[in-house]
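Step one of this worksheet: look at the structure below.
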Amino acid sequence: MSLFAFVRELCRDGDVTPDATRTDECRATGAASTSATAISGQAGAKASAENFPVALRFLPRRYRGHLAAVYGFARSADDMGDAAAAGERLDLLDELEADLGRLYRMISWADVPDVPGGEGATGESLGSVDGGIPSGGDPGSRNAGGSYGGYPGAVDADGSPPRLAVVRALAPAVVACAIPALPFHDLIAANRQDQVVSRYPTYRDLLDYCRLSANPVGRIVLHIFGAATPEREALSDQVCTALQLAEHWQDVAEDLRAGRIYLPLEDMDRFGCTERDLAAPGAAPRVRALIAFEERRARELLDAGAPIVGTLRGAARAAVAGYVAGGRAALAAIAASGHDVLRATPRPGTARVAMELVRAYATGR
């Protein structure tokens, strides 16, 4: 569901099935529900213990802490949308979003400094950027001075602090890096969409989903490094969408078992593929041709966004180069499998990721 998908593959586990407590009852008592507490607690623990891949594990501690907090939140949203009991998922996502609203309401934005060119910049002053703190408002607002409308439970009338530890853990990153609320809300929206949408008629429909499920994390990462500009965000969106597509193409069989197909139906029709073909133990030639087409398309998108690496320096350059490297290595693994993603999930080796990292960092793309 997010740009941290490559990290998540290292720590897959079973479904989270804590005893449920009704969300509305918990809101009435001012407490987090049992399910939300359990799921977010597990996500936070995994984030704290996680060994980030390649370049990320060598980042300065302040960056690792912020990234771990964001990963914990993204993982919580994913687990609430995937691992919780089906009847609970939307309520849990509402609860997570309400807690996010509490976080943004409790922060005094007058005390948050402007974020000038950080370590990720190549020398230019970044100043305020589109999607950051609106004039006269805060990062939780779409409009200056207004409340963040359109999100269930986003405003907590009593002004109470967040109830979930994984949301409270975001506070240092949100304050230090002036991270806007919209990317976090979009991640939750992606998981809501997963509850009601299981097929994507067109490639454009799938890209719209990636705009919610993947692109927000890249934008958050840029804020963490003080490197968010409209130009970089546009390049980051291409990289993040490509990473999300690569994960979908790796996980065709797993997604089908979960009742979802991310391959655009228009592309399946073009190559003569059916859902029965995707359920086979191995990929038929027409399925391989379809996956080859999608793999090339994701590679082109990744290559188009990769020049973002050359606009960065220091830790930011290393981190973003690591993401680009992970995407290229994943797509290479798909190609090396003969585009048979049904027989086994193609995963890249560490050596290939390291090689791609060195190349991306050195060339700046």
Side-chain angles (χ1 to χ4, degrees), residues 1-5 7-8 40 43 47 63 66-78 80-81 93 96-105 107 109 112 115 118 120 126 128-134 137-143 147-152 154 162 164 166-194 207-244 305 308 316 319-320 323:
M1 298 302 170
S2 72
L3 199 150
F4 290 102
V7 178
R8 186 180 62 194
S40 62
Y63 294 134
H66 292 336
L67 289 169
V70 173
Y71 169 60
F73 178 89
R75 179 67 190 248
S76 292
D78 283 0
M80 287 176 180
L93 292 169
L96 181 65
E97 189 152 52
D99 226 33
L100 183 65
R102 294 184 188 99
L103 171 64
Y104 275 84
R105 284 174 57 81
I107 295 172
W109 297 107
V112 178
V115 181
L126 299 180
S128 62
V129 298
D130 182 43
I133 303 177
D138 62 64
S141 301
R142 278 187 182 273
N143 303 304
S147 62
Y148 201 99
Y151 293 97
L164 298 172
V166 74
V167 176
R168 293 195 298 270
L170 284 177
V174 168
V175 172
C177 308
I179 304 174
L182 180 58
F184 296 111
H185 286 288
D186 283 346
L187 291 174
I188 295 172
N191 281 278
R192 281 203 188 95
Q193 183 166 317
D194 276 333
L207 293 182
D208 287 343
Y209 170 72
C210 293
R211 180 181 59 79
L212 298 175
S213 66
N215 299 0
V217 179
R219 292 181 174 230
I220 292 170
V221 168
L222 288 176
H223 278 281
I224 287 174
F225 288 107
T229 66
E231 294 76 13
R232 289 196 186 104
E233 287 178 341
L235 292 171
S236 172
D237 288 349
Q238 292 177 299
V239 170
C240 293
T241 292
L243 292 178
Q244 181 75 88
I308 188 177
V320 176
Y323 289 128

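The first residue in the sequence is number 1, and the count goes up from there.
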What pair of heavy atoms forms the shortest contact from [X] to [Y], and how long is it?
X    : Y    : value
C210 : P216 : O-CD, 4.4 Å
L103 : I107 : O-CG1, 3.3 Å
S40  : S76  : CA-OG, 3.3 Å
N215 : C240 : OD1-CB, 3.7 Å

Rounded to the nearest 0.5 Å, how far apart are [atom1] of [X] and [atom2] of [Y]?
X    : Y    : atom1 : atom2 : result
L100 : I188 : CG    : CD1   : 5.5 Å
D186 : R219 : CG    : CZ    : 9.0 Å
L243 : Q238 : CG    : CD    : 12.0 Å

So [Y] and [X], do their side chains get closer than 4.5 Å, heavy atoms only?
X    : Y    : result
F225 : V320 : no
R102 : V167 : no
Q244 : R211 : no
N191 : L96  : no

Step-by-step side-chain contact (heavy atoms from CB on, under 4.5 Å) determination, H223 to E233: CA-CA 10 Å; H223 278 281; E233 287 178 341; 3.9 Å; yes
Residues forming a side-chain contact (heavy atoms from CB on, under 4.5 Å) with Q193, sequence neighbours excluded: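 By the side-chain contact (heavy atoms from CB on, under 4.5 Å) rule, Q193 matches V197, Y200, Y209, L212.
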Geometric class of the F184/F73 ring pair [parallel <30°, tilted 30-60°, perpendicular >60°]: perpendicular
Backbone N or O of [Y] within a donor-acceptor pair of the [X] side chain at under 3.5 Å?
X    : Y    : result
T241 : D237 : yes
R232 : I308 : no
D99  : L164 : yes

Show me, pair by pair, the donor-acceptor contacts under 3.5 angstrom made by side chains of residues 168-182, not counting sequence neighbours?
from: R168; atom 1: NH1; to: P162; atom 2: O; distance (Å): 3.3
from: R168; atom 1: NH1; to: R163; atom 2: O; distance (Å): 3.1

